[in-house]
Number of protein chains: 2
Amino acid sequence: MKKLINNPRTVVEEAVSGIAAAHPGLLEVHTDPIFIVRADAPKQGKVGLVSGGGSGHEPLHGGFVGYGMLDAAVPGAVFTSPTPDPILAATQAVNGGAGVLHIVKNYTGDVLNFETAADLASAEDIEVRSVIVNDDVAVKDSLYTAGRRGVAGTVLVEKIAGAAAERGDDLDAVTAVAEKVNANVRSMGVALTAPIVPHAGVPSFDIGEDEIEIGIGIHGEPGRERIPMEPADAIVDRMLGPILEDLPFSDGDRVLLFVNGMGGTPLVELYIAFRHAAEVLTGRGITVDRTLIGNYVTSLEMQGFSITVLKLDDELTELWDAPVQTAALRWGR
Amino acid sequence: MKKLINNPRTVVEEAVSGIAAAHPGLLEVHTDPIFIVRADAPKQGKVGLVSGGGSGHEPLHGGFVGYGMLDAAVPGAVFTSPTPDPILAATQAVNGGAGVLHIVKNYTGDVLNFETAADLASAEDIEVRSVIVNDDVAVKDSLYTAGRRGVAGTVLVEKIAGAAAERGDDLDAVTAVAEKVNANVRSMGVALTAPIVPHAGVPSFDIGEDEIEIGIGIHGEPGRERIPMEPADAIVDRMLGPILEDLPFSDGDRVLLFVNGMGGTPLVELYIAFRHAAEVLTGRGITVDRTLIGNYVTSLEMQGFSITVLKLDDELTELWDAPVQTAALRWGR
C-alpha cells in the first residue's frame with residue numbers, strides 16, 4: 001500500500017487540519033470533537049444544515065461547507081460513521097434559533113448516530129429534523145444499510161436545501177425541499193478497482209484484471225453483478241437503464257445530469273461517460289438542463305464513477321442556480 | 001488495462017464532445033480541427049489567450065476556457081502535442097484585433113508547433129506573442145524537453161494573464177504579466193504509480209510496490225531520484241526544499257500555495273500534504289496568502305501530486321482574485 005499519509009490512525013485529524021489551512025475565512029475546524037463549521041456560524045434566524053459520515057469521500061462533506069450549502073460537516077474515521085458527540089457539537093454550533101436539518105446518507109451507523117445526536121439536541125431545545133438520502137437504485141439492502149444507500153445524490157440535496165436555507169426558508173420548508181430532491185434523484189455506480197482503507201492496508205474487495213462491479217456502493221460494498229470489462233458506452237447504458245426506469249423519468253422531463261468520479265478515474269474518462277449519458281437522455285426526449293461533472297463523492301482512490309439524474313422543476317432549478325461558496329462548489333457570488 | 005473508454009483512438013474526440021455537452025453556453029467545441037473556444041469568442045478589442053498541449057492532463061487546458069481565463073484550448077492526442085493546424089485555427093477564432101498570446105508548456109513538441117502556428121498567424125496579420133512556462137525545478141533537461149518542464153504553474157499563468165486580458169490590458173501588458181508569473185512560480189512533483197496511456201495499454205514506467213519517483217514530470221518522465229516510500233510529511237519536505245531555494249523564496253514573502261493532484265490521489269491525501277506544506281512555509285516566515293488544492297494538472301490516473309509556490313505581489317494577488325468562470329475554476333461572478 002502506497003498512500004500519501006503519515007499514519008493510518010491520524011488521517012482524518014491531519015486532513016481536517018489541512019482543510020482549515022487551505023480555506024481560512026470560509027470555514028473553521030474544531031478538533032475535540034472533530035467537526036468543520038462555516039466561519040460565520042451560527043447565523044441568527046437561519047436554519048442550520050449539518051451533514052457528515054465516514055471520511056474517504058472527499059470533498060463530501062467538508063468541501064461543501066459554506067455560503068448557500070452546509071453550515072457544518074462531521075467527518076468520522078475513514079468509511080466509519082461519526083459518533084453522536086461531534087454531531088451534537090456541530091448541531092449546537094450552527095443553531096441560530098431557527099432549527100437544524102440533518103442530511104444523512106442511508107447507512108445504518110450514520111442514521112443511528114445522527115438520531116442519537118438529534119435526541120440530545122432536542123433535550124437542549126434545539127429543533128432538529130432529518131432527511132435520509134437513499135438515491136442508489138443498485139440494490140435494495142446492502143452491507144451496512146437497510147434499504148437503499150445514500151450516494152452522490154447527497155450533493156444535490158445539500159446544495160438545494162442549502163440554497164433554501166440561505167434565502168430564509170423556515171425549517172419545515174427546508175426539510176420539504178430536501179425531501180423533494182431525495183424523492184426525485186436516482187444514482188448508480190460502477191467500480192473498476194477497489195479502494196484501500198488506510199488502517200486496513202489491503203483492498204476492500206478482490207476484483208479481477210478484466211472485471212468491473214456494477215452497482216457498487218461508495219465503500220466498495222457489493223453491487224448488482226460482477227461482469228467482464230466493457231466499453232464505456234455499454235457501461236453507461238447498464239447504469240442509466242435502472243436509473244431511468246426507477247422514478248420513472250420520461251419524455252419531456254428536464255433533468256440535472258451528474259457524472260461523479262469515485263476518486264481514481266481521470267476526468268478525461270468522466271467526460272467520455274458524460275457524453276454518452278447525455279446522448280441517451282436526449283434520445284429519450286429528456287432535456288439535460290443542468291450538469292455537474294467531477295470528483296464530488298469519492299471512495300478514496302477507487303477507479304469508477306456514478307451517474308446521478310435529478311428531475312428538475314422551476315423551484316429546484318432556481319435553488320440549484322443560486323450562489324454557493326464552498327471549497328468544492330462555487331459559483332455566482 | 002481497465003479504462004472507461006470506448007476506443008483508445010477516439011479518446012480525445014469523445015472527451016471533447018463530452019466537454020461540449022457538459023458546458024453549453026460556456027464553451028464551444030470545433031472538431032475539424034479539434035479545439036475548444038469560449039462561446040463568446042472572439043471578443044473585439046480583447047487580447048485572445050490560447051493554450052494547449054497533449055490530452056490526459058484534464059482539466060488542463062479545456063477546463064480553463066471561459067471568462068477571465070483562456071479564450072481557447074487545443075488538445076492534442078494523449079500526451080502528444082497538438083499540430084500547428086488546430087493551434088492556428090484556435091488563434092484565428094479568438095483574434096479580436098488586439099493580438100493573441102500563446103501560453104505554452106515547455107515541451108519541445110509544444111514549443112515547435114505553437115511557434116509554427118504563430119508564424120502562420122502572423123502571415124495573416126494576427127499579432128502573436130508566446131510565453132513558455134517552465135516552472136518545474138526537478139530537472140534541467142528531460143525526456144521531451146530542453147530546459148525545465150512546464151507543469152502545474154501553467155494554471156496560475158493562465159488565470160492571472162486571463163484576468164489581465166479580461167480587464168483590457170494590451171498584448172504587451174498581458175505578455176508581461178504572464179512572464180512575471182512564470183518568473184515567480186516554482187513546482188515539483190512526485191509519483192506513487194505510473195499512468196497508462198490508452199493507446200499504449202501498459203504503464204508508462206515501472207515502479208516498485210514500495211518506491212516513489214521524486215521530481216516526476218506530468219507524462220511520467222523520470223525525475224530526480226527513485227526512493228523508498230516515505231511518510232507524507234517527509235515527501236513534502238523533499239519537494240519544498242528545492243522549490244524554496246530556487247527563486248529563492250524568503251522570510252517576509254507572501255505566496256500562493258498550490259497542491260495539485262496528479263489524478264489518482266484522493267483529496268483526503270492532498271489535504272494531508274497541504275497541511276504540512278503550509279506549516280513549513282509558515283515556519284520559514286513565508287505567508288500563505290492564497291491557496292489552491294485539487295486535481296488541476298493531471299497525468300491520467302497516476303497517483304502522485306505536485307507542489308507549486310508563486311511569490312505574490314499586490315498586482316498578482318488582485319489578478320488572481322479577479323472573477324473567473326470556467327468549467328474547472330470559478331469564482332466571483
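Residue numbers begin at 1 in each chain, while the letters A, B, ... track the order of the sequences.
Counting heavy atoms from C-beta outward, A:W331 and A:V324 have side chains that approach closer than 4.5 Å. For the pair A:E225/A:R238, a side-chain contact is recorded, criterion being any heavy-atom separation below 4.5 Å from C-beta on.
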(request) Evaluate ring pair (Phe, Tyr, Trp, His ring centres under 6.0 Å) for A:H57 paired with A:F79, printing each intermediate quantity in order. (result) CA-CA 8 Å; A:H57 307 300; A:F79 289 3; 5.2 Å; yes
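Proximity to chain A (any heavy atom under 4.5 Å) is shown, for B:A277, by neither the backbone nor the side chain. Only the side chain of A:Q303 comes within contact range of chain B, with at least one heavy atom under 4.5 Å from a heavy atom of that chain. Neither the backbone nor the side chain of A:A20 has a heavy atom closer than 4.5 Å to any heavy atom of chain B. Contact annotation for A:I293: only side-chain heavy atoms (C-beta onward) come within less than 4.5 Å of a heavy atom of chain B.
Residues meeting the salt bridge (charged side-chain N to carboxylate O under 4.0 Å, His left out) test with B:E28, sequence neighbours left out: none. For the salt bridge (charged side-chain N to carboxylate O under 4.0 Å, His left out) test, residues two or more places apart in sequence or in another chain that qualify with B:R290 are B:D321.
The closest side-chain donor-acceptor pair between B:S51 and B:E158 falls under 3.5 angstrom. B:H276 and A:N6 share no donor-acceptor pair across their side chains, judged by distance under 3.5 Å alone.
Residue with the most contacts toward chain B among A:I272, A:T10, A:L267, A:V16: A:I272 (heavy-atom pairs, distance under 4.5 Å). The greatest number of non-hydrogen atom pairs below 4.5 Å with chain A, out of B:V268, B:N7, B:T282, B:T291, is found for B:V268. Highest contact tally toward chain A, considering only B:N295, B:I19, B:V259, is held by B:I19 [criterion: heavy-atom pairs under 4.5 Å]. If you tally non-hydrogen atom pairs under 4.5 Å between each of A:V11, A:T298, A:I235 and chain B, the highest count goes to A:V11. Ranking A:E230, A:M1, A:E301 against chain B, the residue ahead of the rest is A:E301, based on heavy-atom pairs under 4.5 Å.
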